[in-house]
Trainee: 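Just dropping this structure here.
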Amino acid sequence: MMGHIDDPCAHCEEMMQPYLDHILNEEEKLEAEAHLSECDWCRRRYRFEESLRVYVRQVVTEPMPAELKLKLAALRLPLE
Amino acid sequence: MAEAPPDAARLASDARDRVHFEEEALGLSDQVYRVARHLAGSREEADDLVQETYARAFRSWRSYQPGTNLRAWLLRILTNLNIDRGRKAQRTPPMQGLEANDYFLYDRLSESDGGISDEDRVVERLSQDDIVSALSSVPHDFRDVIVLVDIGDFSYQDAAQILDIPIGTVMSRLHRGRRILKRELAESVLEEGE
Ligand SMILES: [Zn+2]
């Protein structure tokens, strides 16, 4: 905490991924939130990261080809 | 001593267990494919990989412990097969210059638009093709973790087990991998702007 006293935004950036992954401890989480509540610059960037994650998940998801599903079912072992 | 005659009741219950296993595994195939699609380099490879995974899973169903995470068990088979398919030959990427800071992409996207007010819309400047191709250019070690955690919704713990790496490595690869992905995305946007 002390090492970043000069640049709270840099510290906030370091906490972004762990914050969004919910792995900060309570103290760090409050620290990040306190900074975000007063810093529009960082808040925008957190918000962007959050929507980017959701967006990436959405757009890369491709439906499984129907033929593949049939091929998988055909791989089942015959009943003895 | 002669072998005991097959116990019909036991055989029947065995068959039931197997059918149950197969059905449960097939029920997860959409989720398995979703992850496989981006662990593999192409749709064709993903297709093959998923088939090999299910063929192996159906053969070795007895080694699955009922009640444990079947999706993770299937993905463990799949990632091992993927590695066997020649992933080892992959170069280690030069990390210098690959990573930017976490805000690099946002800064690029918003500056090219003269300042955007709605952060939720900034991402829409990225096309599906941009994202799929950026993801495929993230080096395997990092991509595997991103795909499992951010796309496949696996916990760090599951990802660590699937990839057989420590949980701390999952976390550090995830953090670096996301930065690499954002760097790749920023580059694709810059290229389009030219
Ligand atoms: Zn700030």
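Keep in mind it's a predicted model, so treat the numbers as computed, not measured.
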Trainee: When you measure from the side chain of A/E13 to the backbone of B/N101, do you find a donor-acceptor pair of N or O atoms at a distance under 3.5 Å?
Mentor: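 Side chain of A/E13 to backbone of B/N101: no pair is present.
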
Trainee: Counting C-beta onward and ignoring hydrogens, is there a side-chain heavy-atom pair between A/D21 and B/H175 closer than 4.5 Å?
Mentor: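 Yes - at least one pair of side-chain heavy atoms lies under 4.5 Å apart.
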
Trainee: Side chain to side chain contact (heavy atoms under 4.5 Å, CB included) for A/K71 and B/Y54? Distances and angles first, verdict last.
Mentor: CA-CA 10 Å; A/K71 286 183 201 160; B/Y54 274 81; over 6 Å; no

Trainee: Given that the side chain runs from C-beta out, which part of B/L174 has a heavy atom under 4.5 Å from chain A: side chain, backbone, both or neither?
Mentor: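 Both backbone and side chain of B/L174 come within 4.5 Å of chain A.
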
Trainee: Using modelled atom types only, decide if a donor and an acceptor are shared between the side chain of A/R57 and the backbone of B/G152 within a distance under 3.5 Å.
Mentor: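 No.
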
Trainee: Is there a side chain to side chain contact (heavy atoms under 4.5 Å, CB included) between A/I23 and B/M171? Walk through the geometry before answering.
Mentor: CA-CA 10 Å; A/I23 53 170; B/M171 287 158 75; 3.4 Å; yes

Trainee: Taking NZ, NE, NH1 and NH2 as the nitrogens, is one of them in A/E62 or B/R43 under 4.0 Å from a carboxylate oxygen of the other?
Mentor: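 Looking at B/R43 together with A/E62, the answer is yes, because their closest N to O distance falls below 4.0 Å.
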
Trainee: Minimum heavy-atom separation for A/L77 to B/F58, with atom names?
Mentor: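 So the minimum-distance heavy-atom pair works out to CD1-O, 3.2 Å.
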
Trainee: Using a 4.5 angstrom heavy-atom cutoff, name the option from B/L135, B/V32, B/D153 with the most pairs to chain A.
Mentor: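 The residue among B/L135, B/V32, B/D153 with the greatest pair count is B/D153.
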
Trainee: Would B/D30 and A/K69 pass as an ion pair if we require N to O under 4.0 Å?
Mentor: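 Result for this pair is yes, salt bridge flagged.
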
Trainee: In Å, rounded to the nearest 0.5 Å, how long is the span from CD1 of B/I146 to CZ of A/R53?
Mentor: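 Going from the CD1 atom of B/I146 to the CZ atom of A/R53 covers 10.0 Å.
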
Trainee: Strictly below 4.0 Å, N to O, side chains only: are A/R44 and B/D107 in salt-bridge contact?
Mentor: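 So A/R44 does not pair with B/D107 through a salt bridge.
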
Trainee: Which heavy atom of A/P65 sits nearest to which heavy atom of B/Y33, and what is that distance?
Mentor: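 The pair with the smallest heavy-atom distance is CD-CZ, 3.5 Å.
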
Trainee: Could you please state which residues from residues 62-77 of chain B sit under 4.5 angstrom from chain A, measuring non-hydrogen atom to non-hydrogen atom, sorted by number, or 'none'?
Mentor: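 Interface residues of residues 62-77 of chain B: none, nothing closer than 4.5 Å to chain A.
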
Trainee: Name the region of A/P18, side chain, backbone, both or neither, that has any atom closer than 4.5 Å to a heavy atom of chain B.
Mentor: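 Answer is both: backbone and side chain atoms of A/P18 are under 4.5 Å from chain B.
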
Trainee: If Ile, Leu, Val, Met, Phe, Trp and Tyr residues are connected whenever their side-chain heavy atoms lie under 4.5 Å apart, and connections chain through other members, are A/W41 and B/L105 in the same group?
Mentor: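 Different clusters.
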
Trainee: Which value, rounded to the nearest 0.5 Å, describes the distance between B/R56 atom CZ and A/L75 atom CG?
Mentor: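 Here the rounded value is 13.0 Å.
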
Trainee: With B/V132 as reference, evaluate A/V56, A/V60, A/V59 under the side chain to side chain contact (heavy atoms under 4.5 Å, CB included) test and give the passing residue.
Mentor: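 Going through A/V56, A/V60, A/V59 one by one, the side chain to side chain contact (heavy atoms under 4.5 Å, CB included) with B/V132 is satisfied by A/V60 alone.
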
Trainee: Checking side chain to side chain contact (heavy atoms under 4.5 Å, CB included) for the pair A/E49/B/K182: CA distance, chi angles, key distance, verdict?
Mentor: CA-CA 10 Å; A/E49 177 84 7; B/K182 284 187 277 186; 2.5 Å; yes

Trainee: So A/L52 and B/R178, do their side chains get closer than 4.5 Å, heavy atoms only?
Mentor: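 Not in contact.
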
Trainee: State, with a plain yes or no, whether a side-chain heavy atom of A/R45 is found less than 4.5 Å away from one of B/D102.
Mentor: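 Not in contact.
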
Trainee: Using 30° and 60° as the class limits, which term best fits the ring planes of B/Y106 and A/F48: parallel, tilted or perpendicular?
Mentor: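 Taking A/F48 first and then B/Y106, their aromatic rings sit tilted (interplane angle of 30° to 60°).
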
Trainee: Which atom pair, heavy atoms only, marks the closest approach of B/Y103 to A/C42?
Mentor: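 For B/Y103 and A/C42, the tightest heavy-atom pair comes out as OH-SG, 4.4 Å.
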
Trainee: Any idea which heavy atoms bring B/S29 and A/L72 closest together, and the distance?
Mentor: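 Where B/S29 meets A/L72 most closely, the heavy atoms are CB-CD1, 3.7 Å.
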
Trainee: Heavy-atom pairs under 4.5 Å with chain B - which of A/Q17, A/M64, A/M16 has more of them than the others?
Mentor: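 Top count of heavy-atom pairs under 4.5 Å with chain B: A/Q17.
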
Trainee: If Ile, Leu, Val, Met, Phe, Trp and Tyr residues are connected whenever their side-chain heavy atoms lie under 4.5 Å apart, and connections chain through other members, are A/L70 and B/L49 in the same group?
Mentor: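 No, A/L70 and B/L49 fall in different hydrophobic clusters.
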
Trainee: Between B/R37, B/R34, B/E22, B/Q128, who has the most heavy-atom pairs with chain A when the cutoff is under 4.5 Å?
Mentor: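 Counting heavy-atom pairs under 4.5 Å, the top option is B/E22.
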
Trainee: Is there a path of hydrophobic side-chain contacts, each under 4.5 Å between heavy atoms of I/L/V/M/F/W/Y residues, joining B/V35 to B/L28?
Mentor: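 Per the 4.5 Å side-chain linkage, B/L28 and B/V35 are co-clustered.
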
Trainee: Please answer: with hydrophobic residues joined when any side-chain heavy atoms are less than 4.5 Å apart, are B/L109 and B/I131 in the same cluster?
Mentor: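 Same cluster.
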
Trainee: Can you tell which part of B/I151 gets under 4.5 Å to a heavy atom of chain A, answering side chain, backbone, both or neither?
Mentor: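 Contact with chain A involves both backbone and side-chain atoms of B/I151.
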
Trainee: Are the side chains of B/V19 and A/R76 in touch, meaning some heavy atoms are under 4.5 Å apart?
Mentor: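 When only atoms from C-beta onward are counted, A/R76 and B/V19 do touch, with a gap below 4.5 Å.
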
Trainee: Do B/V170 and A/Y19 sit in one hydrophobic cluster, given that two such residues count as connected whenever their side-chain heavy atoms are within less than 4.5 Å of each other, even indirectly?
Mentor: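 Hydrophobic grouping puts B/V170 apart from A/Y19.
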
